[in-house]
Amino acid sequence: VQLQASGGGLVQAGGSVRLSCAASGNTFSNYAMGWFRQAPGKEREFVAAISGNGIYTYYADPVKGRFTVSRDNAKNTVYLQTNSLRPEDTAVYYCGASSSYYRNGPLRPQYWGHGTLVTVSS
């Protein structure tokens, strides 16, 4: 499966951005999807995940209550709605896909897309 993230940009603290990740190549609903981010000088970290049928979601503690992951299997796209953004949310955001059964916890993708940069100004 091929993945392409988009939607990043420059936003002020407190603002919102919706990221999209379009998938192609295989049956999209067979894949659990996740969002990850990598801030300058830091390792890539898990942000959010959603099961193939969209029923199960899981969030990292720093984004709970502010970010929402969703998917539209008819459009082969997963979204990350980011609200109440903080300067520490500045990072390159990546989407990943896993064909393994998923119901809970951080996702371990087998496939990665190119990232999209979100910069939050204070």
Side-chain angles (χ1 to χ4, degrees):
V1 61
Q2 292 79 45
L3 305 172
Q4 181 63 55
S6 62
L10 176 64
V11 61
Q12 289 188 332
S16 300
V17 168
R18 189 176 82 154
L19 306 180
S20 300
C21 175
S24 62
N26 283 38
T27 304
F28 184 60
S29 59
N30 287 345
Y31 294 87
M33 299 296 296
W35 286 96
F36 298 74
R37 66 186 182 185
Q38 187 166 17
K42 296 187 177 182
E43 294 186 353
R44 188 178 299 185
E45 63 176 3
F46 168 79
V47 174
I50 186 167
S51 59
N53 57 14
I55 292 177
Y56 303 106
T57 58
Y58 184 84
Y59 298 90
D61 286 343
V63 307
K64 279 182 182 177
R66 299 188 299 123
F67 291 10
T68 302
V69 61
S70 62
R71 65 190 296 159
D72 185 338
N73 286 346
K75 295 182 178 180
N76 287 3
T77 302
V78 62
Y79 305 97
L80 185 69
Q81 178 67 43
T82 67
N83 298 328
S84 302
L85 284 165
R86 306 165 181 168
E88 55 264 37
D89 294 317
T90 294
V92 177
Y93 284 72
Y94 299 87
C95 58
S98 172
S99 60
S100 300
Y101 177 76
Y102 175 82
R103 189 167 178 171
N104 199 12
L107 192 74
R108 295 188 177 185
Q110 293 122 6
Y111 307 94
W112 291 95
H114 294 292
T116 184
L117 176 63
V118 175
T119 304
V120 184
S121 63
S122 57

Query raised in the report: Quick one: does Arg44's side chain have a donor or acceptor within less than 3.5 Å of a partner on Val92's backbone?
Result: no
Requested in this report: Taking Asn30 for its side chain and Ser99 for its backbone only, find out whether a donor-acceptor pair lies under 3.5 Å.
Outcome: no
Query raised in the report: Once you round to the nearest 0.5 Å, how far does OH of Tyr102 lie from OG1 of Thr57?
Result: 7.5 Å
Query - Inter-residue atom distance Cys21.SG - Arg71.CZ, 0.5 Å rounding - result: 10.0 Å
**Report entry** Test item: Arg37 and Thr82 side chains (from C-beta on) under 4.5 Å apart, heavy atoms
**Finding:** no
Query raised in the report: Taking all atoms of both residues into account, what is the closest heavy-atom pair of Met33 and Leu3, and its distance?
Result: CE-CD2, 3.8 Å
Query raised in the report: Under 4.5 Å between side-chain heavy atoms, hopping through other hydrophobics if needed: is there a path connecting Tyr79 to Trp112?
Result: no
Query raised in the report: Do side-chain atoms of Arg66 reach the backbone of Ser84 as a donor and acceptor pair under 3.5 angstrom?
Result: yes
Query raised in the report: Shared ILVMFWY cluster between Ile50 and Tyr111, side chains joined below 4.5 angstrom?
Result: yes
Query raised in the report: Do Phe67 and Trp35 have side-chain heavy atoms sitting under 4.5 Å apart?
Result: no
Requested in this report: Please confirm whether the backbone N or O of Pro109 pairs with a side-chain atom of Tyr31, one donor and one acceptor, at under 3.5 Å?
Outcome: no
Requested in this report: Report whether Val78 and Val63 are members of the same hydrophobic cluster (ILVMFWY, side-chain heavy atoms less than 4.5 Å apart, transitive linking).
Outcome: yes
Query raised in the report: Does a donor on one side chain sit under 3.5 Å from an acceptor on the other, for Gln110 and Ser100?
Result: yes
Query - Common cluster, Val17/Val47, ILVMFWY with side-chain heavy-atom separation under 4.5 Å - result: yes
Report summary line: Shortest non-hydrogen pair, Ala48 vs Leu80, comes out as CB-CD1, 4.2 Å
Report summary line: Shortest non-hydrogen pair, Leu107 vs Ala49, comes out as CB-CB, 4.0 Å
**Report entry** Whether Thr90 side chain and Val120 backbone form a donor-acceptor pair below 3.5 Å
**Finding:** yes
**Report entry** Minimum heavy-atom distance between Phe36 and Phe46, given as atom pair plus value
**Finding:** CD2-CA, 3.4 Å
Query raised in the report: Taking NZ, NE, NH1 and NH2 as the nitrogens, is one of them in Asp89 or Arg86 under 4.0 Å from a carboxylate oxygen of the other?
Result: no
Query raised in the report: Hey, does Thr68 have a side-chain heavy atom less than 4.5 Å from the side chain of Tyr59?
Result: yes
Report task. Determine whether Gln81 and Ser16 make a side-chain contact, defined as any pair of heavy atoms from C-beta on separated by less than 4.5 Å. Result -> yes
Query raised in the report: Do you know the tightest heavy-atom contact between Tyr94 and Gly113?
Result: CD2-O, 3.4 Å
Requested in this report: Looking only at non-hydrogen atoms, find the nearest pair between Ser20 and Thr77 and report the distance.
Outcome: CB-CG2, 4.2 Å
